[in-house]
Amino acid sequence: MQYSDEEILEGIKLRKAVVLEFVYEECYPLIRNLVLKNSGEKEDVQDLFQDAMVILFKKVKDNGLTLQCTFKTYLFSICQHLWLQRLEKRKKDTSVFKRVSITAELQEEELIEIFDDEEEKFRIYQKHFLNLDPECQQILKLFLKKSTIREIADLLGYQTEEYTKVKKYRCKEELKRRIVNDPEYKNLF
C-alpha cells in the first residue's frame, strides 16, 4: 500500500504501525546506504533512523509540520544532517560528504544523482584503499576504528608512537594522492 506525504505525517502523529512500517520499508535502505557509504556501521543506521523519526514525531506533534519537499527527501535531509554532526564529533573527514539542503527545488531525482556521486566516490576510494600495501590498509583500518596511536603501535609491533604517527600520516597521504590523481575522481568534480 502507498501513502501520500500527508497520510504519512498523520500516521506518524497517531503512531500508526502500518504507516511506520511503510516509512521503514521505503526509507531505511536509503538511510542505510548514506551511513554505510560515509564511515558508518550497521548499528549507526538503526540509531540514526530512530533519532530522525523521534525528531519527525516531535515536529509533527508540536507544530503540524508542513513539507516543502517530499517526505522521503525531508527524512533523508534530517538523517544526512544528523550523520554529518556525528561524523564531526567523531573527528571524521566530512569534506567528501555532500550536503543536501531542504528546499522546495530539491527533487528526488537530484537526490538520486547526488547519492550516485557518493557511491562513485566510495567505489574510487575503495579501489585505491585496496591497492595500498597491506600494512597501510591495516593502519588506516585501525585508525578509522578509533584505535589510539599507542594501540596501533602495540598491535603492529612498532617501537615508538612517533614512528606510528609518521607511518599513519604517510599511508593517509598516499591514499589521498592516489584518489585525487584518479581521472575518474577528477571527472566527478
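Values below: every heavy atom of this structure, side chains too, minus hydrogens, waters and symmetry copies.
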Engineer: Look up atom CZ in Phe143 and atom NZ in Lys172, then write down how far apart they are to the nearest 0.5 Å.
Structural biologist: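 One gets 5.0 Å once the value is rounded to the nearest 0.5 Å.
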Engineer: Using a strict threshold of under 4.0 Å (side-chain N to carboxylate O), is an ion pair present between Lys167 and Glu135?
Structural biologist: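 Here Glu135 pairs with Lys167 in a salt bridge, since their nearest N and O are under 4.0 Å apart.
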Engineer: Quick one: does Glu151's side chain have a donor or acceptor within less than 3.5 Å of a partner on Thr148's backbone?
Structural biologist: yes
Engineer: Do the side chains of Asp51 and Ile78 get nearer than 4.5 Å, heavy atoms only?
Structural biologist: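 Heavy-atom side-chain distance check fails, nothing below 4.5 Å.
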Engineer: Roughly how far, to the nearest 0.5 Å, is the CZ atom of Arg86 from the NE2 atom of His81?
Structural biologist: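 One gets 11.0 Å once the value is rounded to the nearest 0.5 Å.
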Engineer: To the nearest 0.5 Å, what is the distance between NZ on Lys58 and CD1 on Ile12?
Structural biologist: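 Reported value, rounded in 0.5 Å steps: 14.5 Å.
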Engineer: I'd like to know if Arg170 and Glu174 make a salt bridge, using a cut-off of under 4.0 Å between side-chain N and carboxylate O.
Structural biologist: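 Salt bridge flag = no for Glu174 with Arg170.
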Engineer: Taking the side chain as C-beta and beyond, is there a heavy-atom pair between Leu175 and Cys136 under 4.5 Å?
Structural biologist: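 They are not in contact (no side-chain heavy atoms under 4.5 Å apart), so the answer is no.
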Engineer: Taking all non-hydrogen atoms of both residues into account, name the closest pair between Ala52 and Leu75 and its distance.
Structural biologist: CB-CD1, 3.8 Å
Engineer: Can you tell me how far the NZ atom of Lys72 sits from the OG atom of Ser77, to the nearest 0.5 Å?
Structural biologist: 13.0 Å
Engineer: Quick check: is Ile149 connected to Leu140 through a chain of hydrophobic side chains (ILVMFWY, heavy atoms under 4.5 Å apart)?
Structural biologist: no
Engineer: Working to the nearest 0.5 Å, report the span between CG of Asp47 and CD of Glu41.
Structural biologist: 11.5 Å
Engineer: I need the minimum non-hydrogen distance between Ile139 and Cys171, along with the two atoms involved.
Structural biologist: CD1-SG, 4.2 Å
Engineer: With a 4.0 Å cut-off on N to O distance, would you call Asp182 and Lys127 a salt bridge?
Structural biologist: yes
Engineer: Are the side chains of Met53 and Leu20 in touch, meaning some heavy atoms are under 4.5 Å apart?
Structural biologist: yes
Engineer: Test Tyr74 against Lys59 for side chain to side chain contact (heavy atoms under 4.5 Å, CB included), laying out the working first.
Structural biologist: CA-CA 12 Å; Tyr74 189 71; Lys59 286 185 178 286; 3.3 Å; yes
Engineer: So Tyr28 and Val45, do their side chains get closer than 4.5 Å, heavy atoms only?
Structural biologist: yes
Engineer: Would you say Gln159 has more than 12 foreign heavy atoms packed within less than 6.0 Å of its CD?
Structural biologist: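 No - once you tally the heavy atoms of other residues, nucleotides and ligands closer than 6.0 Å, there are 12 at most.
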Engineer: Do Val54 and Phe22 land in one hydrophobic cluster if side-chain heavy atoms of ILVMFWY residues count as linked below 4.5 Å?
Structural biologist: no
Engineer: Of all the heavy-atom pairs spanning Leu142 and Ile152, show the shortest one and how long it is.
Structural biologist: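 Closest approach of Leu142 to Ile152: CB-CG1, 3.8 Å.
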Engineer: Taking the six-membered ring for Trp, are Phe49 and Tyr24 closer than 6.0 Å centroid to centroid?
Structural biologist: yes
Engineer: Do Lys13 and Phe57 come within less than 4.5 Å of each other through their side chains, counting heavy atoms only?
Structural biologist: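 Answer no - side chains too far apart.
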Engineer: Begin from the C-alpha positions of Val23 and Tyr3 and carry the test side chain to side chain contact (heavy atoms under 4.5 Å, CB included) through to its verdict.
Structural biologist: CA-CA 9 Å; Val23 169; Tyr3 294 95; over 6 Å; no
Engineer: Provide the closest heavy-atom pair for Leu36 versus Lys42 in the form atom of the first, atom of the second, distance.
Structural biologist: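 It is CD2-N, 3.9 Å.
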Engineer: Hydrophobic cluster membership, with links at side-chain heavy-atom distances under 4.5 Å among I/L/V/M/F/W/Y: are Val18 and Leu14 in one?
Structural biologist: no
Engineer: Between atom NZ of Lys61 and atom CG of Leu9, what is the distance when rounded to the nearest 0.5 Å?
Structural biologist: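 So the gap between those two atoms works out to 15.5 Å.
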Engineer: So, does Glu161 use its side chain to make a donor-acceptor pair with the main chain of Ala153 at under 3.5 Å?
Structural biologist: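 The answer is no, because no donor-acceptor pair under 3.5 Å joins these two groups.
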Engineer: Using the side chain to side chain contact (heavy atoms under 4.5 Å, CB included) rule, take Cys27 and Phe71 through it: C-alpha gap first, then chi angles, then the decisive distance, then the call.
Structural biologist: CA-CA 10 Å; Cys27 301; Phe71 174 80; 4.3 Å; yes
Engineer: List the atom of Thr70, the atom of Asp5, and the distance in Å for their closest heavy-atom pair.
Structural biologist: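 It is CA-OD2, 3.4 Å.
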Engineer: Would you please test Lys141 and Leu144 for side chain to side chain contact (heavy atoms under 4.5 Å, CB included) and show each step?
Structural biologist: CA-CA 5 Å; Lys141 281 180 188 176; Leu144 288 174; 5.9 Å; no
Engineer: Determine whether Glu10 and Val60 make a side-chain contact, defined as any pair of heavy atoms from C-beta on separated by less than 4.5 Å.
Structural biologist: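 Of all side-chain heavy-atom pairs linking Val60 with Glu10, none is under 4.5 Å.
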Engineer: Is there side-chain contact between Thr164 and Leu156, with heavy atoms separated by less than 4.5 Å?
Structural biologist: no
Engineer: Main chain of His128, side chain of Asn131: is a donor-acceptor contact present, judged purely on distance under 3.5 Å?
Structural biologist: no
Engineer: Ignoring hydrogens and geometry, is there a side-chain-to-backbone donor-acceptor pair from Trp83 to Asp44 under 3.5 Å?
Structural biologist: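 It does not hold such a pair.
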Engineer: Would Tyr169 and Phe129 show up in the same hydrophobic cluster when neighbours are defined by side-chain heavy atoms closer than 4.5 Å?
Structural biologist: no
